[in-house]
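To start, the structure under review is shown below, and the notes come after it.
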Amino acid sequence: MSIVSFQFLLFATIITGIYFVLPKKWQWCAILGGNIVFYAYAGINYTVLVFLMSFVSYIVALNLEKIKKFSELTMPTVDRERRTEARKVMTSIKQFVCGVAIIGVAGVWVVLKYSNFFIENFNAVISHINAGWHVSKVSWVLPLGMSFYTFHIIGYVVDVYRGKYPAEKNFAKYFTFVTYFPHVIQGPFSRFDSLGKSILEKHSFSYDRLCEGCARILWGVFKKMIIADKLGVSVNMIFDGYQNYPGAYAIFAIFAYCIELYADFSGYMDIVCGLSHIWGINLAENFRRPYMAKTIDEFWRRWHITLGAWFKDYVFYPVSMGKVGQKLGRKARKRWGAKMGKLVPGYFALIFVWTATGLWHGANWTYLVWGYLNLFAIMSTMQLADTYAKIEEKLHINPEGLPWKTFCVIRTFILVCFFRFFSIQSSLHEALSTLKHTFLHLQLYKVKSFENLFVGMVPKDVHAVLFGAFLLILVDLLQEVEVWDKIKEKCPFLIRNMVYAALIFLLVLLTGGSTDLAGGFMYANF
């Protein structure tokens, strides 16, 4: 069920009606019912798998809670001399239970998503040594939203293990959090102590929230259908047949792809955050004007924020602060000084983070290379921070000045777009061939006009995309300088509604054409 379809509009309206009709203490049941219907609509098998994984993690969390309480009750009765040893035993038991749960839950996801990736690479190695045998690929299909709810489940189990909050006793309430349908296809990655708590709270109907939520939903649909779906037609045509176009077209297409991806992904977030806001449920923000970032590191603090936060809490800190990471840090401090002693554990952890980030986006070497390019850029910035500061000082560059900030923003955007050459193609060979063709056959003289770059798009769609992109950039700029909220507050009621009416009119007039991409959301594929 596409969230930009009339079926979803009807579905969301019915859920909203039931949600506010029910007694407040049972409102979460409307969400649970909506979750089940949403999954069942996609396929009953999806519901069965997420139910089983949720139930296993629910039981594990309860047992972690029991172990913790047993430890608290029995520890005072243990002799002081044996207390340390008893704590170690209890910690080992908790670690074992938590580890088995994580391996089991993640293992199902890894098998379903990465089996063919491993088989392909295994066959490639075997073919080079002439072993004479071959492993056939499997035909498993990755269930709806599995890449997202697997991380929700792992995060919940780890948080209970760490004692961040107690395990939820009611399975239905926990299952409502895991399967919360607005966040299950593309995120954001949510935590039980924030989203779970918000779902279970009592919410009264608010007309102001309804208007604010609907306005954000409208803006999200506009970004998805006017910018992303139309721009995607040109992007796909150019990259599918890049050999038939001058390299200048590929350069345009990679910039267009980055705008398309941002409009598509942030448009989805606007829709689900707007819907959640209507219900009074707080869904984590996932974007903060990422193309305003001045470095690659800052870009990833602004883009897919909750994914970065998840990896920071559950991968980066455990690895960098673990025994191996700290041991590497001590060795680096002895050999290269205090600065490297601090940086090396972070570098070590970032290798794991970006390997996982690349593979999470897709079971393909292209995503791994894309991830490592980001890793290299981030580590270079960390390593050369002092050198950059000295160069700025010698050249009398004001790092807080608008000219330098503008240069850094443009530089970062170009780097982000360049890295996307690898994530957009289906293989490393195709990615490298595309890059080679792009820069060896640039042929700028063949670009007769700017509109010609929009391959496969009719003039009205080109104008619609340009208008939509202009609005997107304008709103981001106004939000970045922190005047957007003030403008909305002071904007007269009549003008505000005229803007909403204009957006609806453009959607009715310009969407659904034969040249529209009209596909699903891009991050749902990850």
Side-chain angles (χ1 to χ4, degrees), residues 186-187 223 227-228 231-232 234-236 238-239 242 247-269 285-309 311-312 350 353-362 364-382 384 388 404-425 428 430-432 434-435 438-439 453 465 469 472-473 475-477 479-480 521-523 525-526:
Q186 291 193 181
K223 287 198 287 187
I227 304 175
L231 203 52
S234 182
V235 171
N236 290 348
I238 291 173
F239 277 107
Y242 65 90
Y249 279 71
I251 290 177
F252 163 78
I254 203 65
F255 286 118
Y257 173 72
C258 288
I259 299 299
E260 176 201 359
L261 187 60
Y262 178 43
D264 185 280
F265 196 8
S266 67
Y268 175 93
M269 291 301 149
E285 294 293 340
N286 222 12
F287 289 93
R288 195 178 71 254
R289 285 85 60 194
Y291 292 140
M292 303 291 174
K294 297 180 288 296
T295 64
I296 295 296
D297 182 47
E298 184 187 353
F299 172 82
W300 283 103
R301 293 197 300 271
R302 290 169 172 257
W303 177 282
H304 212 338
I305 296 168
T306 57
L307 177 63
F311 278 123
K312 180 179 71 175
L350 283 172
V353 168
W354 280 101
T355 299
T357 301
L359 285 175
W360 180 86
H361 280 83
N364 197 314
W365 282 101
T366 56
Y367 288 109
L368 271 174
V369 171
W370 167 79
Y372 290 143
L373 287 171
N374 281 279
L375 170 65
F376 177 77
I378 291 170
M379 289 175 63
S380 298
T381 301
M382 294 168 64
L384 300 174
Y388 291 151
W404 182 248
K405 283 184 176 180
T406 303
F407 166 77
C408 291
V409 167
I410 295 172
R411 174 199 61 193
T412 302
F413 178 66
I414 291 172
L415 275 175
V416 169
C417 292
F418 173 76
F419 295 165
R420 291 291 183 191
F421 269 104
F422 291 90
S423 66
I424 195 174
Q425 291 291 29
L428 280 178
E430 282 294 300
L432 293 172
T434 304
L435 277 171
T438 298
F439 294 104
L453 293 169
V465 165
L472 178 61
I473 295 168
V475 170
D476 273 13
L477 281 171
Q479 288 177 337
E480 186 68 14
F521 285 86
M522 298 166 78
Y523 254 73
N525 298 321
F526 302 143

Minimum heavy-atom separation for [X] to [Y], with atom names?
X      : Y      : result
Ala253 : Ile238 : CB-CG2, 3.7 Å
Leu453 : Ala248 : CD2-O, 4.4 Å
Lys294 : Arg411 : O-NH2, 2.8 Å
Cys417 : Ile254 : O-CG1, 3.1 Å
Glu285 : Thr306 : O-CG2, 3.8 Å
Asp476 : Met292 : CB-CE, 3.8 Å

Go through it in stages, so that I can follow the logic: the residues are Val409 and Glu298, the test is side-chain contact (heavy atoms from CB on, under 4.5 Å), and I'd like the CA-CA distance, side-chain angles, deciding distance and then a yes or no. CA-CA 10 Å; Val409 167; Glu298 184 187 353; over 6 Å; no
Would a 4.5 Å heavy-atom cut-off, applied to side chains only, mark [X] and [Y] as touching?
X      : Y      : result
Arg420 : Leu261 : yes
Tyr291 : Ile473 : no
Leu359 : Tyr367 : no
Phe422 : Leu432 : yes
Thr366 : Glu430 : no
Lys223 : Ser266 : yes
Asn364 : Leu368 : no
Ile227 : Glu260 : no

Please determine whether side-chain contact (heavy atoms from CB on, under 4.5 Å) holds for the pair Asp297 and Ile378, giving the CA-CA distance in whole Å, both sets of side-chain angles, and the decisive distance to 0.1 Å. CA-CA 5 Å; Asp297 182 47; Ile378 291 170; 4.2 Å; yes
With rounding to the nearest 0.5 angstrom, report the [atom1] to [atom2] distance, [X] to [Y].
X      : Y      : atom1 : atom2 : answer
Leu428 : Trp370 : CG    : CH2   : 14.0 Å
His304 : Phe311 : NE2   : CZ    : 9.0 Å
Arg301 : Thr295 : CZ    : OG1   : 5.5 Å
Tyr257 : Ser234 : OH    : OG    : 14.0 Å
Met379 : Leu375 : CE    : CG    : 5.5 Å

Step by step, work out the side-chain contact (heavy atoms from CB on, under 4.5 Å) result for Tyr249 and Thr438. CA-CA 8 Å; Tyr249 279 71; Thr438 298; over 6 Å; no
Run Tyr372 and Thr355 through side chain to side chain donor-acceptor pair (under 3.5 Å) and show every step you take. CA-CA 7 Å; Tyr372 290 143; Thr355 299; 2.8 Å; yes
For Gln425 and Thr434: C-alpha separation, side-chain torsions, deciding distance, then whether side chain to side chain donor-acceptor pair (under 3.5 Å) applies. CA-CA 9 Å; Gln425 291 291 29; Thr434 304; 2.7 Å; yes
Please step through ring-ring contact (aromatic ring centres under 6.0 Å, His included) for the pair Phe413 and Phe255, ending with a clear verdict. CA-CA 9 Å; Phe413 178 66; Phe255 286 118; 5.6 Å; yes
If you count the non-hydrogen atoms of other residues, nucleotides and ligands that lie under 6.0 Å from CH2 in Trp365, is the total more than 12? no
Over 12 non-hydrogen atoms of neighbours within 6.0 angstrom of CZ in Phe376: no
Do the ring centers of Trp300 and Trp354 come within less than 6.0 Å of each other? yes
Please confirm whether the ring centroid of Phe287 lies under 6.0 Å from the ring centroid of Trp303.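 Yes, the ring of Phe287 comes within the 6.0 Å limit of the ring of Trp303, centre to centre.
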Determine, for Glu480 against Arg302, whether the closest basic-nitrogen to carboxylate-oxygen distance falls under 4.0 angstrom. yes
side-chain contact (heavy atoms from CB on, under 4.5 Å) partner of Asn374, chosen from Ile296, Leu415, Leu350: Ile296
Would you please test Asn286 and Tyr268 for side chain to side chain donor-acceptor pair (under 3.5 Å) and show each step? CA-CA 10 Å; Asn286 222 12; Tyr268 175 93; over 6 Å; no
